[in-house]
Amino acid sequence: MKVYESVLLLFSCWFLHTLALDCTVISGILKQIDAGSGQVVGVNNGNEVFVLINDVFTKLSGSLKHFSAGPAGWLGVNSANEIFKFRSGSFIQFPGLLKQVDAGGDQIIAGVNMNDDLFCLNMDANNNWPPSDTPPWVHLNGKLKYYSCGPYSCWGVNSDNKVFIMRDVSNAVCSGSNKLENIDGLLSMIEVATDGSVFGVNHDGKLFQRTGVTRSNPSGTGWSSMHACPNGHKHVSSDLGVLWVVCVNGSILRCPPAVTKVIDEFPH
């Protein structure tokens, strides 16, 4: 009887995980997705660029390996680490080199270069470009492979998948405290929504949300695990309370928050 109960308990835990998120499949295949300021963008394995229009991912001209949408605009980087900003219907090269860029902060740009060095650009420099051909990029302390910003903090992960937060970020001081603070857990990528909520995926393809995140407590209180993709998660982003997930096979899911159920688990 005890063996039966143990098996039933294990099955029940697994069953809860499979029902954790009630998602809708969106047609298309992507390797990376980003949502911000009411828009959803992404790129596929061929570095083709897409934007969601009327629930259909529509291809744009250009080639990018990473694409971000948010209060700072539409920004992306190509396979040569060149930065591009979408203006007046086309991608215009932006001075600098980054391997990953983020537009989710309060009209600031942030990202990491090929050496895992961190850079950001304040709101005025972003919004006034051009005319300057050399925008005043701010070099931040620390090393990260992925960096994402929200309204009052930025989060990132390093080459060891350790998680970090940069506090006190603002549109006038994109560097914030300029001190990375380690947060418990291990993730391979992380994204901050424009409302400050934080989501990430670990090296095993498990999906997590940082709980208890507020402006007064930007580091939050813990982690909750979620399950949306049947065979693992690859990339995640969130905007306007909706979670956008890319599964390991490239399929795309939209997950409404109202039916989200979470299960406490430590990301490792």
With a 2.5 Å cut-off on the SG atoms, do Cys149 and Cys174 make it? no

For residues Val236 and Leu243, determine if any side-chain heavy atom of one lies less than 4.5 Å from a side-chain heavy atom of the other. yes

Lys/Arg-Asp/Glu bridge criterion (N-O < 4.0 Å) met for Arg210, Asp184: yes

Is it the case that the ring center of Phe67 lies less than 6.0 angstrom away from the ring center of Phe86? no

When clusters are formed by joining ILVMFWY residues with side-chain heavy atoms under 4.5 Å apart, either directly or through shared neighbours, do Met114 and Ile109 land in the same one? no

Between Ser148 and Glu191, do the side chains contain an N or O donor and an N or O acceptor separated by less than 3.5 Å? yes

Could you tell me whether the SG atom of Cys229 lies less than 2.5 angstrom from the SG atom of Cys247? yes

Less than 4.5 Å apart, side chain to side chain, heavy atoms only: is that true for Ile165 and Glu181? yes

Please determine whether residues Val41 and Met189 belong to a single hydrophobic cluster, defined as Ile, Leu, Val, Met, Phe, Trp and Tyr linked transitively by side-chain heavy-atom distances below 4.5 Å. no

Can you find a heavy atom in the side chain of Asn126 that is under 4.5 Å from one in the side chain of Ile108? no

Please tell me whether Lys143 and Asn115 have a donor and an acceptor in their side chains that are separated by less than 3.5 angstrom. no

Are Val101 and Leu118 co-members of a hydrophobic cluster defined by side-chain heavy atoms under 4.5 Å apart? no

What is the ring orientation for Tyr146 with His66, classed by angle as parallel under 30°, tilted 30 to 60°, or perpendicular over 60°? perpendicular

Checking Asp239 against Thr194: is there a side-chain donor and acceptor pair closer than 3.5 Å? yes

Short side-chain donor-acceptor distance under 3.5 Å, Ser219 and Arg167: yes

Verify same cluster id: Leu97, Leu121 (apolar side-chain graph, 4.5 Å): no

What's the shortest heavy-atom distance between Ile252 and Ile29, and which atoms? CD1-N, 4.0 Å

